[in-house]
There are 2 protein chains.
Amino acid sequence: MPDGDQKKPSRIQTRNRLVILDAALNVFSQHGYRGATLDQIASEAGLSKPNILYYFQGKEDIHLTLLSQLMETWLDPLVELDPDGDPQTEILDYVQRKLDMALELPRESRLFAGEILQGAPRMGPHLESDLKPLFDQKCEVIAGWSAAGKIAPINPQHLIFSIWATTQHYADFAAQVTVLLGADTDPYQTASEHLRSMFTAILRNKA
Amino acid sequence: MPDGDQKKPSRIQTRNRLVILDAALNVFSQHGYRGATLDQIASEAGLSKPNILYYFQGKEDIHLTLLSQLMETWLDPLVELDPDGDPQTEILDYVQRKLDMALELPRESRLFAGEILQGAPRMGPHLESDLKPLFDQKCEVIAGWSAAGKIAPINPQHLIFSIWATTQHYADFAAQVTVLLGADTDPYQTASEHLRSMFTAILRNKA
DNA sequence: TCGTGGATTTACCAAATGGTAAAATTTTAT
DNA sequence: ATAAAATTTTACCATTTGGTAAATCCACGA
């Protein structure tokens, strides 16, 4: 009997929890936490509302589960940034990985964006405990490269912000991008080229 | 008797409509359209719920009014980009105006971001009719500068996306920025310098 | 000062919301 | 096959939601 189950989950449990989380990702990423309803999640999951509450303790539990799972995926591209690799390559590859992730997981990107937009009320602690240490660590790596003259002098913190902003923009603001580029245009190719050329210029910059 | 009033508004009307819109901006920008409640808006405005519905036809009317008013303000910095000015100066000044606006009007930035994040269900038409023509026009200006060799070769559409993304990031993701930079650090000065140096590098780029 | 129309409050309402209890059904191990 | 456990459904419930009707209050010009 699930909810706060300790034993290993049955096949049904595993399947239904996945189905519910997938449905919840659709709804939460589209309407935000307060705008999402259990009925909508239930309907999208093809289950009854009480059935959903059999697998999760409540609305907040579902949301929190999604955010926790997402955090790992989300930090992954930054984790892979290798202090011993070639600086230029490492950063450009990081940009590419972030862009790929935004385009492959737009719902996740929007869920994250929505939570931050609302002041991270349910994710503040995760930011402090998971994101900040990694961020600080990688900032030092980039600062080291910068100091050693391997890349242009640059503020590492704001560089990372710029990478996040420009890549996630294509997921979070997809509705706007689509209108402005035309529904037929696929932004991926051009976006990828633009970002590569842009961050190349920044890392080369001599002033 | 207001609501869809035709005659010129009284002092009380003007004041209360402003108070309501300000309160609504707080609530909508923090919780999104569906997550916002009339009770909350009323409470924040210091008025009763029926009193609010005396001035606006309903929740959607308030939201729509906010978005319409916002659109003008939001396009303004781009309107000011002068085709006859010095390209480098014009673009860097545009970046600066966008950053200033994000830091001075964070609620407006978040309201806008939230609406786009949710697929622009109530603003799609405005994007097509107001934003797109201006966007296309300014893209051609930049493309002209690029073709004339006055700035580096660059994709104008994605350049503008990058400007929007990097500047609005400081308003929309303020919760994250605050955690990562430390609550005591004021991001404005460093962000401004970073963005100026970054976009300078891009516009100078020879490849 | 008094009437009139604008402004506000009180008292509601139907629908939707997150959630629960318990009965009914299905799965699983024996 | 059958009992026990896991799963799902049915029938609710209290609260909140957007919104309305009507009574009341109040400002202000004649």
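So you know, we letter chains A, B, ... as the sequences are listed, proteins then strands, and number each from 1.
- Judged by closest nucleotide on DNA chain D, A/N16 is the one of A/N16 and B/R34 placed further toward the 5' end.
- Here A/N51 does not reach the OP1 or OP2 of D/dT10: none of its side-chain N or O atoms lies under 4.0 Å away.
- One can place CD1 of B/I41 at 11 Å from P of D/dT17, the figure rounded to the nearest angstrom.
- Between the side chains of B/Q30 and B/N26, no donor-acceptor pair of N or O atoms lies under 3.5 Å.
- In this model, the phosphate group of D/dT8 is not approached by any side-chain N or O of A/S48 to a distance below 4.0 Å at OP1 or OP2.
- Using modelled atom types, one side-chain atom of B/S29 and one backbone atom of B/L25 make a donor-acceptor pair closer than 3.5 Å.
- For the pair B/R17 CZ and C/dG6 C1', the computed distance is 15 Å after rounding to whole Å.
- Residues B/Y170 and A/H158 place their aromatic rings such that the two centres sit under 6.0 Å apart.
- For B/Q13 and C/dG6, the shortest distance from a side-chain N or O to OP1 or OP2 is not below 4.0 Å.
- Counting heavy atoms from C-beta outward, A/L67 and A/Y33 have side chains that stay 4.5 Å or more apart.
- A distance below 6.0 Å separates the ring centres of B/F135 and B/F161.
- Remark: B/Y54 is not in phosphate contact with C/dT8, judged by side-chain N or O atoms under 4.0 Å from OP1 or OP2.
- D/dT17 atom C1' lies 17 Å from atom NE2 of B/H63, rounded to whole Å.
- The interatomic distance linking A/I20 (CD1) with D/dT7 (P) rounds to 11 Å, in whole Å.
- Counting non-hydrogen atoms under 4.0 angstrom, A/A42 reaches nothing in the nucleic acid.
- Of the candidates D/dG18, C/dG18, C/dA11, D/dG18 carries the atom nearest the B/K59 side chain, counting heavy atoms from C-beta on.
- The side chain of B/P50 has D/dT20 as its nearest neighbour among C/dT8, D/dG18, D/dT20.
- Straight-line distance from the NE2 atom of B/H31 to the P atom of D/dG18: 12 Å, rounded to whole Å.
- Protein atom CG of B/L38 is 4 Å distant from nucleotide atom P of D/dG18, rounded to whole Å.
- At whole-Å resolution of the value, CD1 in A/I62 and C1' in C/dG19 are 12 Å apart.
- Atoms CG (A/L53) and P (D/dC12) sit 19 Å apart, rounded to a whole Å.
- Considering only the side chain of A/Y55, D/dT7 comes nearest among D/dT20, D/dT7, C/dG18.
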